[in-house]
Number of protein chains: 2
Amino acid sequence: MEDEVDRLVAAWRRERPDLDVEPLEVLSRVSRLARHLDRARRIAFAEHHLEPWEFDVLTSLRRAGPPYQLSPGQLLTQTLVTSGTMTNRIDRLTKKNLVERLPDPSDRRGVLVRLTAEGRDKADQSLAGLLDQERAILGELSRHQRGELAGLLRQLTAPFDNIPG
Amino acid sequence: MEDEVDRLVAAWRRERPDLDVEPLEVLSRVSRLARHLDRARRIAFAEHHLEPWEFDVLTSLRRAGPPYQLSPGQLLTQTLVTSGTMTNRIDRLTKKNLVERLPDPSDRRGVLVRLTAEGRDKADQSLAGLLDQERAILGELSRHQRGELAGLLRQLTAPFDNIPG
DNA sequence: TTCAAGTGTCTTGACATCAAGATATTGCGA
DNA sequence: TCGCAATATCTTGATGTCAAGACACTTGAA
């Protein structure tokens with residue numbers, strides 16, 4: 001089936017036949033799909049009275065395992081936001097009693113962010129819902145195709161994730 | 001090579017062995033890669049004194065072909081933003097003399113947004129730069145792999161693009 | 001010991017985005 | 001013809017994000 005990127009690429013080939021626009025076949029689809037996923041996540045989380053950004057922070061801490069705490073810096077690399085954004089997020093989650101700030105005992109510049117019991121519950125509840133939604137979206141693909149897709153995407157993300165970018 | 005999503009999935013399997021987190025292998029990579037691409041685009045466009053959102057609007061109009069005009073509604077489906085956002089974008093681009101608003105002769109509710117000569121130049125210049133950057137990122141993949149990746153992604157985006165979502 | 005560079009977090013101000021609703025126009029059905 | 005739902009765009013108010021820089025602490029070299 002045709003998608004919006006097929007139309008976009010065809011339009012460029014008509015308007016700018018001098019350019020090779022083949023890279024857009026991959027990367028425009030990545031960007032557009034991510035926007036669609038954001039919208040779908042926002043709607044799904046609304047049932048839990050949770051914003052996507054809250055989910056990102058709470059589940060990062062949940063994944064860390066007991067005692068469910070990370071430094072703001074570690075949260076930055078997981079969520080790909082800037083430090084100012086993370087400070088703001090931690091402030092708001094603290095007000096809602098989902099996380100708390102603790103001094104880092106080993107570095108007096110540092111802080112640790114810890115999940116509260118309530119925050120842990122929210123993280124666990126919302127993860128299951130997200131996975132259900134994602135399974136529905138991926139229903140288009142066979143098991144084999146998903147593996148293939150994951151592998152190809154890993155080749156693109158690995159340089160960003162490993163060479164500090 | 002391992003990426004951040006491999007670590008993320010491993011952490012979930014340790015903390016929540018009861019859940020099947022396989023969907024994250026694909027969709028978390030899509031979201032994270034899109035964020036990396038946003039950052040890279042922002043840096044690349046800064047050389048042209050252009051914001052990513054300006055690029056999106058100007059190139060949508062450029063692709064339309066002469067006379068380089070679309071309705072705000074058509075721009076919405078291409079850029080995946082809300083109507084309020086688009087109104088705001090058109091206002092700002094108008095102030096910079098990159099686009100202009102015209103009344104739609106066939107529907108008095110409607111408006112047409114048209115690229116100025118200056119706007120068209122900006123679109124053409126920045127597209128070439130973006131393609132160079134994207135080619136560098138895709139250097140990881142063979143020609144065959146890019147085709148495969150584009151095809152798999154199309155299967156995921158087509159439902160969003162065709163069934164109005 | 002001391003100082004300079006590096007690191008980790010927070011503050012600030014500008015700005016882009018969204019959701020919801022207002023306004024104007026069209027066009028279908030009775 | 002009339003009225004009402006649908007359509008197209010804009011307005012409003014709240015909020016999240018970013019870039020840049022400030023501040024406090026740490027580390028390593030002289």
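Letters A, B, ... mirror the listed sequences (proteins, then strands); counts begin at 1. Values in this document were obtained by computation on a predicted structure and should not be read as measured data.
Between the CG atom of L112(A) and the P atom of dC10(C) there is a distance of 11 Å, rounded to whole Å. The nearest whole Å value for the distance from the CG atom in D56(A) to the C1' atom in dG16(D) is 13 Å. In this structure, the CG atom of D38(B) is 15 Å from the P atom of dA16(C), given to the nearest Å. One atom, CG of D107(B), and another, P of dT9(D), lie 8 Å apart when rounded to the nearest Å. The distance from atom CG of D104(A) to atom P of dC10(C) is 12 Å, rounded to the nearest whole Å.
There is no side-chain donor-acceptor pair under 3.5 Å between T79(A) and D56(A).
To the nearest 0.5 Å, atom CZ of residue R35(B) and atom CG of residue D38(A) are 8.5 Å apart.
Distance alone, capped at 3.5 Å, is enough to place a donor-acceptor pair between the R29(A) side chain and the E25(A) backbone. Between the side chain of D121(A) and the backbone N or O of E118(A) there is no donor-acceptor pair closer than 3.5 Å. Looking at T116(A), its side chain does come within 3.5 Å of a backbone N or O of N97(A) through a donor-acceptor pair. A donor-acceptor pair is defined here as one N or O able to donate and one able to accept, closer than 3.5 Å; such a pair exists between the side chain of Q133(A) and the backbone of A40(A).
A residue-by-residue look at R108(B) and E51(B) shows that E51(B) has its nearest nucleotide of DNA chain C further toward the 5' end.
Residues from residues 69-103 of chain B lying near DNA chain D, meaning a heavy-atom separation below 4.0 Å, are S71(B), P72(B), G73(B), S83(B), G84(B), T87(B), R101(B) in numerical order.
For a distance-only test at 3.5 Å, the side chain of R109(B) fails to qualify as a donor-acceptor partner of the base of dT26(C).
For dC18(C), the OP1/OP2 oxygens have a side-chain nitrogen or oxygen of R35(A) closer than 4.0 Å.
Distances were taken from every side-chain heavy atom of R42(A) (C-beta onward) to each of dG16(D), dC25(D), dC18(C); the shortest belongs to dC18(C).
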